[in-house]
Amino acid sequence: MLTPDLSGRTVLVTGSAKGIGRELLLATAEAGASVAVHYHTSADEARATAEEAAERGAPATTTVRGNVTEPDAVDAMFDAVEKELGPVDVLVNNVGAFAPDHWEEIDFETWNTVMDTNFNGTYLCSKRALPAMREQGWGRIVNVGYAGSEKALVYPKNFPYLVAKTGVLMFTRMLAQDTQNDGITVNAVSPYVVENSDEFPDDAPRGRWAAFEDLQQVLLFFLDEGSEYISGENIEVDGGWIPERL
């Protein structure tokens, strides 16, 4: 596992009370960062994650609640982190609902929730984080995508999720170009099926599903100082899975 030195950095991972977000946040805590655990409804889990982060080496931790699809809530969320830990140096946009049903069976509210949390949440949080990053001339944004989205993967099941994640990757490339002179990098990590998924296909690439450590490795690579020239990239953590195979 890579071990970048994140001492003196503040990390905010959206949706980090549990699941993939929690594991990504804990990896940065082990690298010495102060961490903000974001949640919307999982307050108890967020507190437990903050305690675990402190045990793993984070010099300071906090929990922050907010709906990433509401601009005022995002502002308040960042205000709280800045008050407790200082400006956000590393933002990981992890929040994103999904709807693993046939597109005709997805109600309009759920459809919009999937689009809003995955795409608009990434946009709103990135926009709020950028001014401080630009001012200090250093910042890292890592967005969580989905394997295959770079090829505009489509499937009748879970379709709005695929659309939103394709948008996240387009946003990643655009923002990398827009920040190339600011000391900021913007990249994406895109898993296929991870060990904590709710359902699993019949065949696992390389005989297993992605482990949390596989995603942590990519995140830490993007955060390493030696990766400062790498921006606008997407690393698919899929074991060589090819969605369009015959």
Side-chain angles (χ1 to χ4, degrees), residues 6 9-17 20-21 24-25 28 33-40 46 62-98 111-146 149-150 160-190 219 222-223 227-228 230-234:
L6 297 180
R9 303 296 187 189
T10 294
V11 175
L12 169 62
V13 180
T14 64
S16 49
I20 291 173
L24 294 178
L25 179 132
T28 67
S34 296
V35 298
V37 182
H38 164 259
Y39 70 98
H40 188 199
T62 191
T63 62
V64 59
R65 181 181 183 276
N67 184 342
V68 299
T69 70
E70 297 177 358
D72 290 344
V74 170
D75 281 340
M77 182 174 78
F78 274 82
D79 288 345
V81 175
E82 290 165 355
K83 180 179 179 181
E84 293 293 326
L85 304 178
V88 173
D89 302 294
V90 175
L91 169 66
V92 180
N93 287 304
N94 166 71
V95 164
F98 61 99
W111 181 288
N112 283 336
T113 296
V114 172
M115 298 291 285
D116 280 345
T117 54
N118 285 282
F119 185 69
N120 290 335
T122 296
Y123 146 70
L124 287 172
C125 290
S126 299
K127 183 178 180 181
R128 178 58 177 79
L130 278 174
M133 291 182 178
R134 282 185 162 124
E135 182 176 352
Q136 66 185 8
W138 195 97
R140 300 287 181 267
I141 296 176
V142 179
N143 301 320
V144 176
Y146 180 71
S149 296
E150 198 168 75
Y161 181 79
L162 302 177
V163 172
K165 289 303 188 184
T166 299
V168 166
L169 297 185
M170 293 175 67
F171 181 79
T172 299
R173 293 172 56 206
M174 178 281 295
L175 195 57
Q177 193 280 334
D178 195 46
T179 58
Q180 62 179 309
N181 298 317
D182 301 323
I184 300 168
T185 66
V186 186
N187 294 289
V189 52
S190 295
L219 172 66
F222 285 143
L223 302 186
S227 300
E228 65 174 355
I230 299 170
S231 193
E233 299 305 316
N234 172 45

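- In terms of the side chain to side chain donor-acceptor pair (under 3.5 Å) criterion, residue partners of Gln136 (sequence neighbours excluded) are, by chain and number, Asp89.
- Distance check, rounded to the nearest 0.5 Å: CZ of Phe171 to CZ of Phe119 gives 7.0 Å.
- Counting heavy atoms from C-beta on, the side chains of Arg65 and His40 come closer than 4.5 Å.
- With hydrogens and angles left out, the side-chain atoms of Ser126 and Asn93 include a donor and acceptor closer than 3.5 Å.
- We find the OG1-CG distance between Thr117 and Asn112 to be 10.5 Å, quoted to the nearest 0.5 Å.
- Under the 4.5 Å side-chain criterion, counting only non-hydrogen atoms from C-beta, His38 is in contact with Val95.
- Residues Leu175 and Leu130 approach most closely at CD1-CD1, 3.6 Å, considering heavy atoms.
- Closest of all the heavy-atom pairs between Leu24 and Leu219 is O-CD2, 3.6 Å.
- In this structure, Gln180 places its CD atom where more than 12 heavy-atom neighbours from other residues, nucleotides or ligands lie under 6.0 Å away.
- Contact between Glu84 and Thr62 at its shortest, heavy atoms only, is CG-OG1, 3.8 Å.
- Surrounding CE of Met170 are at most 12 heavy atoms belonging to other residues, nucleotides or ligands under 6.0 Å away.
- Checked by atom type, the side-chain pair Asp116/Asn120 shows a donor-acceptor distance below 3.5 Å.
- The structure places CG of Asn67 at 11.0 Å from CG of Asp72, a figure rounded to the nearest 0.5 Å.
- Although no hydrogens or angles enter the test, the distance criterion places no donor-acceptor pair under 3.5 Å between the side chain of Thr28 and the main chain of Ala33.
- Residues Val142 and Leu223 have side chains in contact (heavy-atom distance under 4.5 Å, counting atoms from C-beta outward).
- No donor-acceptor distance shorter than 3.5 angstrom exists from the side chain of Lys165 to the backbone of Glu150, with no hydrogens or angles considered.
- Closest of all the heavy-atom pairs between Ala17 and Tyr39 is CB-CB, 4.0 Å.
- Residues Val74 and Lys127 fail the side-chain proximity criterion, which asks for heavy atoms closer than 4.5 Å.
- Judged by distance alone, the side chain of Thr69 and the main-chain N or O of Gly121 form no donor-acceptor pair under 3.5 Å.
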Could you walk me through whether Val64 and Val37 pass the side-chain contact (heavy atoms from CB on, under 4.5 Å) test, one step at a time?
-> CA-CA 6 Å; Val64 59; Val37 182; over 6 Å; no
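- A pairwise comparison of heavy atoms in Glu233 and Phe222 identifies O-CZ, 4.3 Å as the closest pair.
- For the pair Leu12/Phe78, a side-chain contact is recorded, criterion being any heavy-atom separation below 4.5 Å from C-beta on.
- Partners of Glu82 according to the salt bridge (charged side-chain N to carboxylate O under 4.0 Å, His left out) rule, which considers only residues two or more places apart in sequence or in another chain, are Arg128.
- If you check the side chains of Thr122 and Asn143, you find no donor sitting under 3.5 Å from an acceptor.
- In terms of heavy-atom proximity, Asn118 sits nearest to Ala164 at CB-CB, 3.6 Å.
- Side-chain contact between Cys125 and Met77 is present, with at least one heavy-atom pair separated by less than 4.5 Å.
- Not one N or O on the side chain of Asp182 forms a donor-acceptor pair closer than 3.5 Å with the backbone of Arg134.
- Put simply, the side chain of Thr185 does not reach to within 4.5 Å of the side chain of Ser227, judged on heavy atoms.
- When the options Ile141, Val11, Thr10 are evaluated for a side chain to side chain contact (heavy atoms under 4.5 Å, CB included) with Val90, the one that passes is Val11.
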